[in-house]
Protein chains: 2
Amino acid sequence: MTAKPKLTKNQSVVLKALTRAKKPLTAYEILDLATVRTQGLKAPLTIYRALDRLRDEGLVHRIESLNAFLACCEKAGHTEPVGFVICDNCRKSVELRLSDCETHLGASAEAAGFQVGEIRVEMTGLCPACVKAAARQG
Amino acid sequence: MTAKPKLTKNQSVVLKALTRAKKPLTAYEILDLATVRTQGLKAPLTIYRALDRLRDEGLVHRIESLNAFLACCEKAGHTEPVGFVICDNCRKSVELRLSDCETHLGASAEAAGFQVGEIRVEMTGLCPACVKAAARQG
DNA sequence: TCTATACCATTATATCATTACATCATGCGA
DNA sequence: TCGCATGATGTAATGATATAATGGTATAGA
């Protein structure tokens with residue numbers, strides 16, 4: 001087991017904010033939250049530093065296509081590759097296991113001579129709630 | 001057959017620049033190229049507009065994790081989902097067929113109740129040349 | 001106490017992208 | 001031909017995201 005040193009106050013504040021949001025937030029959105037402001041966090045860099053640490057721990061993931069950050073669905077965090085599916089309408093996002101696709105994807109990259117590091121998968125579409133809403137609109 | 005109206009001068013200049021670069025460039029990097037500047041393109045917006053059109057035509061892809069743009073490997077362009085593998089060291093990038101992975105990925109998302117639109121896959125690692133270079137370093 | 005380390009604060013700046021609005025060229029119907 | 005709609009373009013300003021540079025504070029251990 002790797003030792004998981006306890007999070008600092010700033011890191012906890014940011015993680016709690018993301019967990020409560022249940023959707024991806026940009027660093028500046030986090031900064032604007034009352035719960036974050038009242039804890040004394042007031043510069044972008046403070047947020048980014050906390051996010052860096054949380055990402056190292058696997059507790060937060062970055063969504064590249066939104067420039068935003070999402071709390072990991074697992075309390076303990078993880079660094080295995082995962083995918084995300086993001087609602088175009090409400091931005092609700094869900095973390096998905098890649099169900100072995102990462103193996104195939106990695107193999108394609110290796111076939112091209114690359115040594116593969118990270119694999120990121122992001123899908124966009126409509127979440128269940130927004131699908132229903134769209135159906136009602138006709 | 002869909003009619004493919006001819007590209008405008010700005011669009012051609014940008015596409016040619018990306019094709020010659022053989023790697024992803026940001027909009028501002030494109031803007032700084034002599035070949036682009038001498039054609040009279042001098043504002044970011046001009047570049048972004050050309051890129052929008054080229055992306056609609058499937059002639060250029062956007063790499064989300066770099067905020068950069070890459071010319072499509074096929075002359076005619078396409079809009080099918082593809083993946084990219086990007087060298088962490090030199091930024092050389094290659095477009096990859098997803099070899100049916102997109103079907104599985106889409107299925108996972110649909111299992112979560114999402115209606116899937118776009119699928120984006122980006123991998124990072126080392127390109128063949130940089131792997132060799134790293135090996136020589138020991 | 002001294003020093004090393006980790007964490008954090010502040011300001012400024014770099015980087016990426018869009019909004020707002022004016023202009024120009026082209027094509028098309030009256 | 002004239003008037004007008006349309007779309008591409010130009011310019012300036014701004015918004016949004018992220019990092020650099022510098023230094024302060026707290027704590028732990030020699």
Side-chain angles (χ1 to χ4, degrees), chain A residues 2-18 21 23-33 36-57 59-70 86 88 91 93 120 122 124, chain B residues 2-18 21 23-33 36-57 59-70 86 88 91 93 120 122 124:
Chain A
T2 330
K4 294 264 178 180
K6 185 163 146 307
L7 298 177
T8 67
K9 182 192 144 212
N10 282 2
Q11 290 155 10
S12 302
V13 168
V14 169
L15 179 58
K16 190 167 294 185
L18 278 177
K23 63 177 190 178
L25 297 178
T26 69
Y28 286 76
E29 286 169 341
I30 295 169
L31 189 57
D32 283 344
L33 293 173
V36 171
R37 273 294 159 96
T38 57
Q39 293 297 312
L41 287 73
K42 54 186 172 179
L45 189 49
T46 310
I47 306 296
Y48 282 110
R49 274 193 289 235
L51 288 170
D52 281 347
R53 167 77 191 286
L54 292 168
R55 287 212 286 153
D56 283 347
E57 302 287 342
L59 293 166
V60 163
H61 306 296
R62 180 186 162 95
I63 312 270
E64 301 288 346
S65 57
L66 296 176
N67 294 322
F69 303 85
L70 179 66
I86 305 148
D88 279 329
R91 231 170 44 161
S93 301
R120 288 189 286 265
E122 297 180 12
T124 57
Chain B
T2 331
K4 294 265 177 181
K6 186 166 145 303
L7 297 177
T8 67
K9 182 195 142 210
N10 282 2
Q11 291 152 11
S12 302
V13 168
V14 169
L15 179 58
K16 190 167 293 181
L18 277 178
K23 64 177 189 178
L25 297 178
T26 70
Y28 284 77
E29 284 170 342
I30 294 170
L31 190 57
D32 283 343
L33 293 173
V36 170
R37 270 294 158 97
T38 57
Q39 293 298 312
L41 287 72
K42 53 184 171 180
L45 184 52
T46 311
I47 306 296
Y48 281 109
R49 275 197 287 233
L51 288 170
D52 281 346
R53 169 72 190 288
L54 293 167
R55 287 210 288 154
D56 282 347
E57 301 288 341
L59 293 165
V60 163
H61 306 296
R62 181 187 162 96
I63 312 269
E64 301 288 347
S65 56
L66 296 176
N67 294 323
F69 303 86
L70 180 67
I86 305 149
D88 280 327
R91 231 173 37 161
S93 301
R120 289 188 286 265
E122 297 179 14
T124 57

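We name chains A, B, ... by the order of the sequence lines, and we start the count at 1 in each one.
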Mind checking the CZ-CG spacing from B:Arg53 to B:Asp56? Nearest 0.5 Å is all I need.
8.0 Å
I need the B:Ile63 CD1 to B:Leu25 CG distance, nearest 0.5 Å.
11.0 Å
[X] [atom1] to [N] [atom2]: how many Å, rounded?
X	N	atom1	atom2	value
A:Lys9	D:dT27	NZ	P	14 Å
A:Tyr48	C:dT13	OH	C1'	14 Å
B:Leu45	C:dC21	CG	P	14 Å
A:Asp56	C:dC7	CG	P	11 Å
A:Asp52	D:dT17	CG	P	16 Å
A:Leu31	D:dA18	CG	P	13 Å
B:Lys6	D:dA8	NZ	P	12 Å
A:Arg53	C:dT5	CZ	C1'	14 Å

Can you find an N or O donor on one side and an acceptor on the other, under 3.5 Å apart, linking the side chain of B:Arg49 with the base of D:dG10?
yes
Phosphate OP1/OP2 of [N]: any [X] side-chain N/O under 4.0 Å:
X	N	value
A:Thr46	C:dC8	no
B:Asn67	D:dA18	no
A:Thr26	D:dA16	no
B:Lys42	D:dT11	yes
A:Thr8	C:dA6	no
A:Arg62	D:dT17	no

Which comes earlier along DNA chain C counting from the 5' end, the contact point of B:Phe69 or that of A:Gly40, where each point is its nearest nucleotide?
A:Gly40
Tell me what A:Ala43 touches on the nucleic acid: a base, only sugar-phosphate, or nothing, going by heavy atoms under 4.0 Å.
base
So does A:Glu29 pair up with A:Lys23, basic N to acidic O under 4.0 Å?
no
May A:Tyr28 be described as stacking on the base of D:dT17, applying a 5.5 Å centroid limit and a 30° limit on plane angle?
yes
Are the side chain of A:Glu122 and the backbone N or O of A:Glu64 linked by a donor-acceptor pair below 3.5 Å?
yes
What are the two closest non-hydrogen atoms of B:Leu70 and B:Pro24, and how far apart are they?
CD1-N, 3.7 Å
